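Computed from a predicted model, the values in this text were never measured in an experiment. Proteins get letters first, then strands, A, B, ... in listed order; numbering begins at 1 in each.
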There are 2 protein chains.
Amino acid sequence: MSSEDPQPAPASPTLEDVARVAGVSRATVSRVINGIRNVDPEIQEKVRQAVATTGYVPNRAARSLVTRRTGSIALVVSGAGGEGGAEDPFPSRVFGDPFFGRVASGVLGFLRPRGMHPVLMLAETAEAREQVISYLRQGNADGALLVSTHPADPMPKLLVDAGAPAVLFARPSRPTPISYVDLAHRTGGALAADHLVSLGRRRVATITGPLALPAGQDRMAGFQEAMARHGHPYVPVVEGNFTHDSGEASMQRLLAEHPDVDGVFVANDLMAQGALVALREGGRRIPEDVAVIGFDDSSVALACRPQLTTVRQPMEDMAAEMARLLLAHIEEPDRRATSVIFEPVLVVRQSA
Amino acid sequence: MSSEDPQPAPASPTLEDVARVAGVSRATVSRVINGIRNVDPEIQEKVRQAVATTGYVPNRAARSLVTRRTGSIALVVSGAGGEGGAEDPFPSRVFGDPFFGRVASGVLGFLRPRGMHPVLMLAETAEAREQVISYLRQGNADGALLVSTHPADPMPKLLVDAGAPAVLFARPSRPTPISYVDLAHRTGGALAADHLVSLGRRRVATITGPLALPAGQDRMAGFQEAMARHGHPYVPVVEGNFTHDSGEASMQRLLAEHPDVDGVFVANDLMAQGALVALREGGRRIPEDVAVIGFDDSSVALACRPQLTTVRQPMEDMAAEMARLLLAHIEEPDRRATSVIFEPVLVVRQSA
DNA sequence: TTGAAAGCGCTAACAG
DNA sequence: CTGTTAGCGCTTTCAA
């Protein structure tokens, strides 16, 4: 009541301490803490008191050791590539992409209420990939969520071989027995085509993503097929790589080769932003002269002038679904690989 | 040599297994694995062999339990706010900001070679903040890196009170005995002023960040002071909030109130991008009619047309320094709080 | 230089 | 419904 005894080491209290204070056994305290029934309500109350007065928090390492669960999952962003130069801009590039933010946000939203946490990892070199696998094998994380940025990414196979629970964002380029969440990219492309046609555009073209990527292929194919259905079997195509600059360059090429183009479907918003720049420099008014449709509905769609009409990918929902699937795989290790496909929707703004 | 015996459960090998194969004790294997000297080279070799043949990887939970180290650190992005609506866009917003990507990238670059990993956490509500503290107390992470987005953020104090090793990005608004890494914002503002003056601009204005934030204050003050030194004691000011939209709106106001403005210093690139839009709509040519200088040198600076002249903040280096400081605090718990201030540099492009 | 043994803090049978 | 008893896999004195 007067002075504090100098505690030599305020080592955090353990189950043992709580048990002593509550006058019960460690096991009982453990039961109360883990919400296992079959504990006398009165004793439960006494334990809760003791927890409060001691300021007890369970030690996760000790718990993990026996439960073989960590409550963490790895959130892996992978590329391909063997070595990667000393000054590889890969990390900045990928985390800087608004894409990643939405994935992180969706994952966190699902994981957090469940007391789980994502550990950020990069897997862009062979060494980094080994590190991820080893991390999982050490039991640092219960499973992995993988966002792959390269068609030749060896990571999916490595995860399968390691027997680690895992879920991919997007279908792997090579068939792999692994769960994934994806978007109906073809439908997205078709949505864009239908809208351009309904706007009366007839001389349309498309700037695609990397065609080695299923998403790149499918957005283009969906667009072409729908245009064909509308009686336009031939659509000029320029392949981009999803960056702002490639969008600008591709649009310049398109303009040079097809100066009369009146509508463009661009496979992501970042490239569409670049395309807008090229169009303006080419003296085109948007959407009067050329209508532009992007893809993703990322934050840049709103930053564009005019604001981008775009095919929305519900990234947060997709990411949450990935987390949900992963937890299911963790609960039930022999679960079969599943895929969940989301439907895109067209968001009409000012560019088309 | 012919067929594989069906292993009932290929439970991962333990130290015990390796010891048996190598014909030594657990303790010796442990020593070899942890690189402790005083082990006979021959035995070392034998152990290494055994590790290889068994495919052993140390179990981190077991190790943590005794070492009291996890090899993880929390990377916390915090706001303020008590509750946060059901559909709080905070997570998307913050992770979508190119800012966050660069921090993550810098942190990862430093941590990875040291075998440590960041766990992503959000702390935007009272509940979430408690979760972070509890996470640290449970020994899930050895310390925390905090990126605060709000001047009234209670997180710094909570961390100090919890006695957790922690390092902040940016000086806390309220004096707090905690280490942080920051930028010489005043110098940055001065750099912008000097450049505008050297360009012959005399009717300059500034769009600031939130003035409740030290960074917002300091960038403005540095700019004003330098302008005063150049003989321009009065500079029109409009306060923005670091978003694209607020940049656009602020510029519109500036244009209405000071139609003859010929130079603007905008406190971040995102707002500068918005300002560019407003200027173009106002019929101004950039940089001929109005020179614009941004701040950060984020990816949007390059996406702007014309490309933004901007004050570069070496985010990746700053983030790496945060990680370095944090590890120092973890190694040496009684270490005094330190601050490290980085110098900004002006990156001249086309907008000024 | 090496081994034996004692835990780290917790959960999970198994009795009672 | 509660307590006793084994460990989980590792590091780390302490002896030898």
### Task
Report the C-alpha separation of Val21(B) and Gln49(B) in whole Å, then their side-chain angles, then the decisive distance to 0.1 Å, and conclude whether the side chain to side chain contact (heavy atoms under 4.5 Å, CB included) test is met.
CA-CA 9 Å; Val21(B) 171; Gln49(B) 291 279 329; over 6 Å; no

### Query
Can a salt bridge be assigned to the pair Arg112(A) and Glu124(B) using a cut-off of 4.0 Å between side-chain N and carboxylate O?
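A salt bridge links Arg112(A) with Glu124(B).
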
### Sugar-phosphate or base contact per nucleotide [nucleotides 3-11 of chain D; S, B, -; heavy atom under 4.0 Å]
BBBB-BBBB

### Query
Side chains of Asp17(A) and Thr54(A): do they bring a donor and an acceptor to under 3.5 Å?
no

### Query
Is it true that the side chains of His150(A) and Ser78(A) contain a donor and an acceptor less than 3.5 Å apart?
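Absent: no donor and acceptor within the cut-off.
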
### Message
Measure CG/Asp40(B) against P/dG3(C) and give the value in whole Å, please.
### Response
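Taking CG of Asp40(B) and P of dG3(C), I get 11 Å after rounding.
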
### Task
Name all residues meeting the side-chain contact (heavy atoms from CB on, under 4.5 Å) criterion together with Val119(A); count only those two or more places apart in sequence or in a different chain, and write none if there are none.
Ser72(A), Met121(A), Tyr135(A), His117(B), Val119(B)

